[in-house]
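Let me begin by presenting the structure, written as structure tokens, before commenting on it.
The model shown is predicted, which means the values in this text are computed figures rather than measured ones.
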Amino acid sequence: MPPSPADLVLDARDLHKSFATGRSGWHRTRVSAVDGVSLRLRAGESLGIVGESGCGKSTLARMLVGLEHPDSGSITIHGRDVTRTRGRDRRLMRRQVQMVFQDPYTSLDPRMSVLDLLAEPLIVHKRVTGAAARRDRVAELLSLVNLAPELMHRYPHQFSGGQRQRIGIARALALEPEVLVCDEPVSALDVSVQAQVVNLLRDLQQRMGIALVFIAHDLSVVRHVADRTAVMYLGRLAEIGDTTTVYDQPTHPYTQALLSASPVVDRSRRRLADRIMLAGDPPSPTDPPSGCRFHTRCRFRQDRCGQEAPALRPLDGPADRLVACHFAEQTRDPAEVR
């Protein structure tokens, strides 16, 4: 059921963002990175966002934390529109929504010690005054991510990749945010370290009651982390709903193809018996297809698909299960899917 106003932390509605990519004759070409995406996030909830590279996941994440300004649409936090805020209100928004970046090697300033890195947001936002109090808070943050407080005087190059990402997480938690946006937080790490960082994020979320947006290519990681999962394709949402339902009963043809390509150890949990091979190459984001953006590669396409963009609509069952497909009822039929 839809979240009540008291539970709703973040509400993004009809977000659009495009970027200039060059010129074609007299015209400046643009790429539509995010095209009409809407998301809702409850307190303490985790939302996974998956899709191919270039589908707009990172641009969406950067808009949610205020690093990119949407061309249109709105983002509200506790009912307050933050897309047009300035000054003090802007700083308040930055405190409430923080980000863990993909690459721990480049997201930490190599010239700053861990103490300086973690104390910086406390100074900028005037949360903790006095050097001694800031050292105490930094020690607390390091303990929170399972690092020894004695390491605060070291520099980023003296840590492993997994430790650096823990420092990045500690920095994001310094201001006690209500929403943590994680953009591919484990993709740059060794496989042996990824599970440790994912489990840490899950543990911190449960202990602190933080709402989590988790973006990843690895579908198995998202299944482990997310309560709900959103699937993006060429800047739009293809499907969103409870993670177990989306993974075990994928309805959008793109979701079905995406999940069929993901390795599964326990094949009894897979609905799709065989790999679904998509026809053709992904369309250019500078010139997306008309109608449904997936129709050029879809095995269920009909004439309507190339003429009319499908709305993100609910199916029978949970009210928050939404699919952008004209023929979702047919694609959901096991006889059609297999």
Side-chain angles (χ1 to χ4, degrees), residues 12-22 24 27-39 47-64 68-73 75 102 181 183-184 187 213-219 222 226 228-241 246-247 250-262 276-313 321-328 331:
R13 297 191 180 186
D14 199 26
L15 295 179
H16 292 76
K17 183 66 180 180
S18 63
F19 299 95
T21 59
S24 177
H27 302 286
R28 182 177 292 277
T29 58
R30 301 188 68 85
V31 57
S32 178
V34 175
D35 187 11
V37 170
S38 298
L39 296 170
L47 173 67
I49 302 178
V50 300
E52 295 172 288
S53 295
C55 72
K57 303 187 301 294
S58 292
T59 299
L60 175 60
R62 293 176 65 85
M63 284 194 288
L64 295 179
E68 295 285 356
H69 190 78
D71 298 335
S72 61
I75 301 172
Q102 175 179 359
V181 179
D183 184 14
E184 299 276 4
S187 63
V213 177
F214 193 94
I215 295 171
H217 281 94
D218 191 329
L219 298 176
V222 173
R228 290 190 301 132
T229 296
V231 182
M232 288 188 69
Y233 183 79
L234 275 184
R236 293 179 179 171
L237 289 183
E239 185 166 356
I240 184 170
V246 169
Y247 275 65
T251 299
H252 195 283
Y254 175 65
T255 307
Q256 295 170 358
L258 194 66
L259 290 171
S260 79
S262 178
I276 298 172
M277 302 300 295
L278 297 179
D281 297 322
S284 169
T286 60
D287 186 24
S290 59
C292 174
R293 292 191 171 181
F294 186 64
H295 85 269
T296 57
R297 308 171 75 193
C298 181
R299 66 195 191 283
F300 296 106
R301 66 180 178 270
Q302 299 186 30
D303 291 343
R304 180 185 179 188
C305 302
Q307 301 167 0
E308 179 185 344
L312 195 65
R313 61 187 178 91
R321 174 74 182 278
L322 306 173
V323 181
C325 178
H326 293 306
F327 305 103
T331 64

Point to revise | Derivation of the side chain to side chain contact (heavy atoms under 4.5 Å, CB included) call for L39 and L15 | key: CA-CA 9 Å; L39 296 170; L15 295 179; over 6 Å; no
Can you list the residues that meet the side-chain contact (heavy atoms from CB on, under 4.5 Å) rule with [X], with sequence neighbours excluded?
X	value
S38	R13, D14
S58	D183
R236	D35, R293, A309
S187	Q102, E184

Euclidean distance, [Y] [atom2] relative to [X] [atom1], rounded to 0.5 Å:
X	Y	atom1	atom2	answer
R304	H295	CZ	NE2	13.5 Å
E239	Q256	CD	CD	8.0 Å
H69	I75	NE2	CD1	9.0 Å
L259	L219	CG	CG	5.5 Å
E308	C292	CD	SG	10.5 Å

Exercise for review: Could I get the full list of side-chain hydrogen bond (donor to acceptor under 3.5 Å, both in side chains) partners for Q302, not counting sequence neighbours?
Suggested key: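 Q302 satisfies side-chain hydrogen bond (donor to acceptor under 3.5 Å, both in side chains) with no residue once adjacent residues are dropped.
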Practice item. Please name all residues satisfying side-chain hydrogen bond (donor to acceptor under 3.5 Å, both in side chains) with T229, sequence neighbours left out, ordered by chain then number. Key: T243
Point to revise | Counterpart residues, salt bridge (charged side-chain N to carboxylate O under 4.0 Å, His left out), relative to R301 (two or more places apart) | key: none
Check your understanding: Listed by chain and number, what are the salt bridge (charged side-chain N to carboxylate O under 4.0 Å, His left out) partners of D71, not counting sequence neighbours?
Key ->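 Partners of D71 by the salt bridge (charged side-chain N to carboxylate O under 4.0 Å, His left out) criterion, ordered by chain and then number, come out as K17.
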**Study point:** Residue among L47, T255, V246 satisfying side chain to side chain contact (heavy atoms under 4.5 Å, CB included) with I240
**Key:**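 Considering L47, T255, V246, a side chain to side chain contact (heavy atoms under 4.5 Å, CB included) with I240 is found only for L47.
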Point to revise | Non-neighbouring partners of Y233 that pass ring pair (Phe, Tyr, Trp, His ring centres under 6.0 Å), sequence neighbours left out | key: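 For Y233 the ring pair (Phe, Tyr, Trp, His ring centres under 6.0 Å) partners, ignoring immediate neighbours, are Y254, F294.
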